[in-house]
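Working notes, beginning with the structure itself.
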Amino acid sequence: MPQNNYEYFLLMPQLIIAVGIVLSVLIEITTKKSEQILPWLSIALFVAAAFDSVFNINQNFVLFGGMIEVGGKPAIFNFIFNIGAALVVLSSIDYLKKYGTYYGEYYILVQSSVLGMMVMSGAKDILMIFMGLELMSICFYVLAGINRKKLSANEASMKYFLLGAFATGFIVYGIALIYGATGTTSIQNLVENFVTYSSNIIFVLGFVFFLIGFSFKIAAVPFHMWVPDVYQGSATTVTSLMSTTGKAAAFSVLMIMLSAVFSGASNVFRPYFATISALSMLFGSIVAISQTNLKRMLAYSSISHAGYMAIGLAAGNLFSVAGIIFYLAAYAFMNIGAFTIISIVEGENDSKTDLNSFAGLNAKSPILAASMALFMFALAGIPPLAGFFGKYYVFISAIQSNLTWLAILGVLSSVISVYFYIRVVVFMYFKGSVEDFEIQISPYSLTAVIITALLILVFGILPDTLMNVITSVIR
Amino acid sequence: MNIQIILFIVLASVAAVSSVVMITRKNAVISAVFLVLNFFALAGLYLLLNAQFIAVVQIIVYAGAIMVLFLFVLMLLNTETEHKLFVDKRAIKFFSILVSAFVFVQVAYLIFFGHPSRTLTPDEAASVKAGTIQAIGQQLYTNYIIPFEIAGFLLLAATIGALVLAKKKFE
Amino acid sequence: MVIINLIYLTTLLPLAGFLINGLFGRKIKNEKIIGIIGSAAVGISFLIVLGAFIQTLGLPTEERSNTVELFSWLNVGGLHIKFAYLVDQLSLTMSLIVTGVGFLIHVYSIGYMHGDKGFWRFFAYLNLFIFAMMNLVLGDNFVVLFLGWEGVGLCSYLLIGFWYDRKFEKGTTSQAAKKAFVVNRIGDFGFLLGMFLIYMTFDSLNFKEVFSRAASFPIAESTFGLIALFLFIGATGKSAQIPLFVWLPDAMAGPTPVSALIHAATMVTAGVYMVSRASIIFASAPVVMTVVAVTGLLTAIMAASIGLVQNDIKKVLAYSTVSQLGYMFLAAGVGAFSASIFHVMTHAFFKALLFLGAGSVIHGMHDEQNIQKYGGLKKYMPKTYITFFIATLAITGVPGLSGFFSKDEILWSAYANGGFVFWLIGAITAMLTAFYMFRLVSLTFYGKERFDHHHIHPHESPALMTVPLMILAFLSVVGGYVGIPKVFAGEHGNLFEGWLEPIYAPAQAKLATFGSHTHLEEILLMAVSVAAVLSAIYFSLHVYRKNPQIAENVSNKFKGFYNLLLNKYFVDEAYEAAVVQPIQKGSEKFLWKIFDVKIIDGMVNGVASLVESGSGFIRKIQTGVTQSYAVVMMVGIALALLWLILSL
């Protein structure tokens, strides 16, 4: 039971979205004009929730009898989720018209998935993690296949659902074993007695299953198989939501579960994370080289970025928490930017997502080309863009934990990855147009692109602005 | 050997065998029937664990309501044409069985022979108390009110999702 | 302290120039205004640097190193990095070169790029380059340096591919640009690792802190060696040394002023600057010092030998640049850091001049770059000829010109600290340099006119281009007199060395002192090398001016060797076969096609199913693929559990 009404007040970001979902359902049912109302309502909700989170960032409490944490680290994640979702919705407005017919449910599902993420990032009980994860995942499964007329979208949705259910099975099994070994689902308890519990093989086995399930959600090798097909087949805006905020939510859970490790307990799972991180980085960046479809290429790049972030999990110190959060924020914005540009250039029926469609983009639209180049350089990790500092912090944390070999692999694979990011820039700037088609630049999508580009620049030139906030709350 | 262990072995093997039969049948109706059997076996297992409420709900909701709906749908649709949903590939099948068996052996080994310590914390008295409808209701509306509410949204999202995917036509 | 504190303007002004030209250049249209904005941004920066330089000169030696803090940049987990500039003797020297030569090249470009449709873009990129380069040389810690390091790489990339619609040799300019970028990133890989190691070892990335700790902390030589080695890998990428030199010749695809500014005078010397900045780290790792010296030496002679037979005027100069950069690393490797920076400076003057002169020739010859199709241009473009000739004399090391002083100092240090073989190879390289440079001059300006008079009408370039040439020619002559060898000028006569001495004092203290050599020895060696160079010049002129058939006979006689040189020792081909192809093929054939698609799908192509369409789609969905994806996950799980079983 809430101690007093103040608890509801602190839960405001979640409540805003929850009320918003109900409201949106009512609007969708009652009015035919939902097409004009829902996107803006969603954006208003997301922005309100984001700023409410930020304003209460120092009010760090655990509410409802140890169920959900507000303020602090969850607040930062809520900010990433909500701003990310707001940008995605902004870029969806015109894209959905191009992609197929309009569905009001799209916005409701986006809101629900964000609610799920917020539950995950604030979870203080394993049950909450599971509820949040399912809420988010089910919305994603549907969103991936939102256009029933499109075969590729159906296939993506189907694959995602089947494999996602498979992974969820392991998570549930893991939770059951953890509960069986400890008799509790309270994360507070798990964190406090982590060292004691980790000498119990049942607990460790359960934990490993849990980690495996979430390795699927963050798209780490060898649990990555769904990523290329799903990212390529889904609607581009949905992909941008899944690949950024979805990944951030999964990482937030991993950091919650491993918080004992981050505050000093010895990291039993270091070999596991080090391995998947090394595999993901190298596999993702090497295979991306041979991709010609931009969405598929970014899917592989997403795998390798999961690898870089997993370095932080392997390192497991306070510095790496800050590094991962910074990286996630930076990655969310640069990837949303890149996918938004793809969604602008994209034609009907999944066409024009090839590299060739980007040839000579500079001549067609200098601003799109310049922003895309910015995002590519940021993803490649070239200073002073946000992507560089994300990698930099994570690598430094690895070195602090004596995982220099992992940092070296990371730098190596980021060197390899430059090749395919730079190829996009080459096509846009140094090649004449191959396919002759007009690009309809939607003003809303363009706004989203410009906002993300500015964020990337600000976080790159003044990384301290964000980093100070992060470090102030993780202690 | 007490009656509980015998019951467990029977119910567990029924559950396992029925689920294997379910996924290997080509006729969807037969699959559905075996799914019902599987649910009943699970309900029995819940009972063994002192979870009366869940056992009852399992039978009423799953085996009763949902499966009846399933069967109606299956019988109304002509399901015969859909039986080639899965592409039959011998090599993959063989390999997947092999790998799954390997994982099974590993898990079994870890649970029964793993070291350094294997501790489960069973609490018979607590589980008896927790299984009653009253206890569940009390917990659900106090400690677990937030997950309960989230479950509401989960169902809402699932319903909306199902509607989107199943709507016959879009304007 | 007033002007020194204004040093941040020297980066802000070019940045402002970049923003103005980049954002509004397309609208401004007027070339004059764009050119003036671009040049003024650099010109004013030069004046500020000059002011700071004069002010610093007036300070006592121990107060000459000042830090200008702008803002706190990164501040987390024990890592405190300020965005700050270090104004000391070394950074001022580099800044003077960058802004000074940069300004002249900006002015020249107004004439050279006249009428190009990307005029505004060109100036925007050039200003961005100056911004990045100034950050590189002024940064007071490794992170700011790295920011500039990546920035100049980016600008270099943008400018090499500037004429993307033109063909370049076998491919396109964009391929050349990409090659430069990717090769540079390999170097950056080393540099980043070096930075990490520095942070691990010294717990800081600030120059002053790191270097003072390097001098005082008890640290194993192997640690220093590893750090120095990684830093040096970074330097080989940026400064085009073996094994990463392959991008520089291709970088000639860019417009000629770019080659002069970025690929001759400034950016490529960044590696030398970095080595010289971190002199204390290198000096603490004698083995790596030898590696640096030998790499420099080998690069110098290898590039010079390739330069002997190239026929593209810019290619000859490109290999000459690689070769001269080799000299600089030779100097650094034998501990003569100030000599290497001295050569950076004189080289900036004469090599920029050579490139701009070449640009002037190309401009006058309607974009013809093959020297076999020149000849007798002396009478058509007298100003270009005279300045080019002066630069050639300077680079060959004819006594009295700037190149002589710096090259002689390097050769002498190589002898005194490295040994006779170092000196000998250095001197042979000098001979080769003299030979191919005079071959270039002869084939271009002397002899029969081998071009088609109907189509090509050679003409002198406008004053906007020739005046910078003359200024650079003047500098190429007098630039060396700040560093007159001690043997002539007395113990304190070498002003340049005296100016930089405080920077290298800690490094010199660690290095073995120069062996005692007599003045006679030094003068004797100098005389021998000068004689060798002069005879090479004579021989070159004899062959290419008077008896061109000799060259043909020789190349026919040693056909194999000639082809080896003409094809640049087949290094490009070897890299292609050994590195590029395997990665690409591995990605395409193995990792993706086989591992990700074929084996996993059991010969069902998962991608093809995505594009299939039609009615009854449910049946066409390849759920079989999904099954195999699940199997891969299972394998992963099995491996994770195996780890668990084995480790616990």
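Proteins come first, then strands; the chains are lettered A, B, ... in the order of their sequence lines, and each starts at number 1.
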Side chain from CB out, backbone as N, CA, C, O: work out which of these in A:Val418 comes under 4.5 Å of a heavy atom of chain C, or both, or neither. side chain
For a 4.5 angstrom cut-off between non-hydrogen side-chain atoms, does A:Phe395 reach A:Ile408? no
Do the rings of A:Phe389 and A:Phe326 sit parallel, tilted or perpendicular, given the 30° and 60° boundaries? perpendicular
In terms of side-chain heavy atoms, does A:Tyr272 have a donor or acceptor partner in A:Ser215 at a distance below 3.5 Å? yes
Comparing C:Phe162, C:Trp149, C:Tyr157 against chain A, the one with the most heavy-atom pairs below 4.5 Å turns out to be C:Tyr157
Any luck finding a side-chain donor-acceptor pair between A:Ser401 and A:Asn317 under 3.5 Å? yes
Is it the side chain or the backbone of C:Leu639 that comes within 4.5 Å of chain A heavy atoms, both, or neither? neither
Which region of C:Phe196, side chain (C-beta onward) or backbone (N, CA, C, O), has a non-hydrogen atom less than 4.5 Å from a non-hydrogen atom of chain A, or is it both or neither? both
Which region of A:Phe223, side chain (C-beta onward) or backbone (N, CA, C, O), has a non-hydrogen atom less than 4.5 Å from a non-hydrogen atom of chain C, or is it both or neither? both
Measuring heavy-atom distances to chain A, does C:Ile637 have an atom under 4.5 Å in its side chain, in its backbone, in both, or in neither? both
I'd like to know which of C:Lys178, C:Met634, C:Met195 tops the heavy-atom pair count under 4.5 Å against chain A. C:Lys178
Taking side chain as everything from C-beta outward and backbone as N, CA, C, O, which of these in A:Val221 sits under 4.5 Å from a heavy atom of chain C? Side chain, backbone, both or neither. neither
Toward chain C, the part of A:Leu205 with a non-hydrogen atom under 4.5 Å: both
Only pairs of heavy atoms separated by less than 4.5 Å count here; which of A:Leu462, A:Leu412, A:Val425, A:Val208 has the most with chain C? A:Leu412
With a 4.5 angstrom heavy-atom cut-off, which part of A:Val426 approaches chain C: side chain, backbone, both or neither? both
Apply side-chain hydrogen bond (donor to acceptor under 3.5 Å, both in side chains) to C:Tyr125 and C:Asn21, showing your working. CA-CA 9 Å; C:Tyr125 291 165; C:Asn21 278 338; over 6 Å; no
Over all atoms of both residues, closest heavy-atom pair of A:Val394 and A:Gly312: CG1-N, 3.6 Å
Quick one: what part of A:Ala370 sits under 4.5 Å from any heavy atom of chain C, side chain, backbone, both or neither? neither
If I measure from the heavy atoms of chain A, does C:Ile186 come under 4.5 Å with its side chain, its backbone, both, or neither? both
Between the side chains of C:Lys238 and C:Glu150, is the shortest nitrogen-to-carboxylate-oxygen separation below 4.0 Å, so that they form an ion pair? no
Please state whether the side chain, the backbone, both or neither of C:Leu197 comes within less than 4.5 Å of a heavy atom of chain A. neither
What part of C:Val635 gets closer than 4.5 Å to chain A, counting heavy atoms only: side chain, backbone, both or neither? neither
Is A:Ile212 close to chain C through its backbone or its side chain, or both, or neither, when contacts mean heavy atoms under 4.5 Å? side chain
Less than 6.0 angstrom separating the ring centers of A:His224 and A:Tyr300, yes or no? no
In a check of side chain to side chain contact (heavy atoms under 4.5 Å, CB included) between C:Asn184 and each of C:Phe189, C:Trp247, C:Phe191, which one passes? C:Trp247
Would you please test A:Phe269 and A:Phe207 for ring-ring contact (aromatic ring centres under 6.0 Å, His included) and show each step? CA-CA 9 Å; A:Phe269 306 104; A:Phe207 216 96; 4.8 Å; yes
